[in-house]
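Taking it in order: structure first as structure tokens, then the write-up.
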Amino acid sequence: MLAVLSLALPALSCAPNDGCENVEIERVLPPGGDWSAVVFARSCGATTGFSTQVSVIAEGSVPRASGNVFSADTDHGSAPSDSVGGPVVRVAWRGVDTLVVRHHPNARVFLSENRVHGINVLFVKDSLP
């Protein structure tokens, strides 16, 4: 019985109701597109701190899980933080099929996907304020 429970726990920790909270910072719509780029702060409790994440999601929906494009933290203050506590991240669309994600070079990046939902993603290290 213990073995079955230990196998089930990792799956439960990935569920949308995993004790984490997402706070939307910015939503950017492409010209004429069906997707939104959403920048949000994610916190999973007092011991984890804030990360800034980016998801490309259907317009009108909200990010409920981890980002599907980008995730980073300030690496213990090496990168400047935004008002929520994660690193500053900016997004901009180049047409309907290319998203540009700008982040500080000292941000500790955990996820950077080059293609999501058929959209190309370009990452630019930039000394954002």
Side-chain angles (χ1 to χ4, degrees):
M1 179 76 167
L2 185 58
V4 172
L5 287 175
S6 67
L7 291 174
L9 288 177
L12 292 174
S13 68
C14 297
N17 189 7
D18 57 4
C20 298
E21 179 183 10
N22 294 341
V23 176
E24 187 169 323
I25 298 170
E26 178 181 31
R27 179 179 295 257
V28 181
L29 306 171
D34 297 328
W35 300 98
S36 293
V38 180
V39 179
F40 59 97
R42 183 167 176 86
S43 174
C44 294
T47 60
T48 61
F50 285 93
S51 62
T52 302
Q53 304 197 15
V54 177
S55 279
V56 171
I57 56 177
E59 174 49 32
S61 59
V62 295
R64 299 196 188 283
S66 297
N68 63 7
V69 171
F70 180 80
S71 175
D73 70 11
T74 64
D75 195 12
H76 307 286
S78 296
S81 63
D82 59 20
S83 62
V84 182
V88 177
V89 174
R90 299 284 185 256
V91 296
W93 289 94
R94 287 190 189 165
V96 295
D97 63 353
T98 303
L99 179 67
V100 179
V101 177
R102 294 174 45 225
H103 65 88
H104 195 276
N106 293 342
R108 181 170 50 173
V109 176
F110 301 107
L111 173 72
S112 57
E113 292 291 334
N114 293 316
R115 192 163 174 84
V116 175
H117 300 303
I119 295 164
N120 298 312
V121 183
L122 305 173
F123 296 94
V124 178
K125 292 181 180 179
D126 190 0
S127 294
L128 299 167

Connected via hydrophobic side-chain network under 4.5 Å: [X] and [Y]:
{"X": "Trp93", "Y": "Val121", "value": "yes"}
{"X": "Phe123", "Y": "Val116", "value": "yes"}
{"X": "Val96", "Y": "Leu99", "value": "no"}
{"X": "Val109", "Y": "Val38", "value": "no"}

Approximate separation, where rounding is to 0.5 Å, of [X] [atom1] and [Y] [atom2]:
{"X": "Glu21", "Y": "Phe40", "atom1": "CD", "atom2": "CZ", "result": "12.0 Å"}
{"X": "Phe70", "Y": "Leu111", "atom1": "CZ", "atom2": "CG", "result": "8.5 Å"}
{"X": "His117", "Y": "Asn68", "atom1": "NE2", "atom2": "CG", "result": "5.0 Å"}
{"X": "Asp82", "Y": "His104", "atom1": "CG", "atom2": "NE2", "result": "13.0 Å"}

Nearest heavy atoms of [X] and [Y], plus distance in Å:
{"X": "Ala58", "Y": "Trp35", "value": "N-CE3, 3.4 Å"}
{"X": "Ala37", "Y": "Val91", "value": "CB-CG2, 4.1 Å"}
{"X": "Ala72", "Y": "Phe110", "value": "CA-CD1, 3.9 Å"}
{"X": "Arg115", "Y": "Asn120", "value": "NH1-OD1, 2.5 Å"}
{"X": "Thr74", "Y": "Pro80", "value": "CG2-O, 4.2 Å"}
{"X": "Ala107", "Y": "Ala79", "value": "N-CB, 3.6 Å"}

Does [X] reach the side chain of [Y], with side-chain heavy atoms less than 4.5 Å apart?
{"X": "Asn22", "Y": "Arg42", "answer": "yes"}
{"X": "Leu122", "Y": "Thr98", "answer": "yes"}
{"X": "Val89", "Y": "Val101", "answer": "yes"}

Partner set under salt bridge (Lys or Arg N to Asp or Glu O under 4.0 Å) for Asp126, not counting sequence neighbours: Arg102
Verdict with reasoning, Thr52 to Val39, per side-chain contact (heavy atoms from CB on, under 4.5 Å): CA-CA 7 Å; Thr52 302; Val39 179; 3.7 Å; yes
Report, as yes or no, whether the 6.0 Å neighbourhood of atom CZ on Arg108 holds more than 12 heavy atoms from other residues, nucleotides or ligands. yes
For the side chain of Ser51 and the backbone of Asp73, is there at least one donor-acceptor N/O pair under 3.5 Å apart? no
Which pairs of donor and acceptor atoms, one on a side chain in residues 25-32, lie under 3.5 Å apart (sequence neighbours left out)?
unit_1 : atom_1 : unit_2 : atom_2 : d
Arg27  : NE     : Glu24  : OE2    : 3.1
Arg27  : NH1    : Ser61  : O      : 3.1
Arg27  : NH2    : Glu24  : OE1    : 3.0
Arg27  : NH2    : Ser61  : O      : 2.8

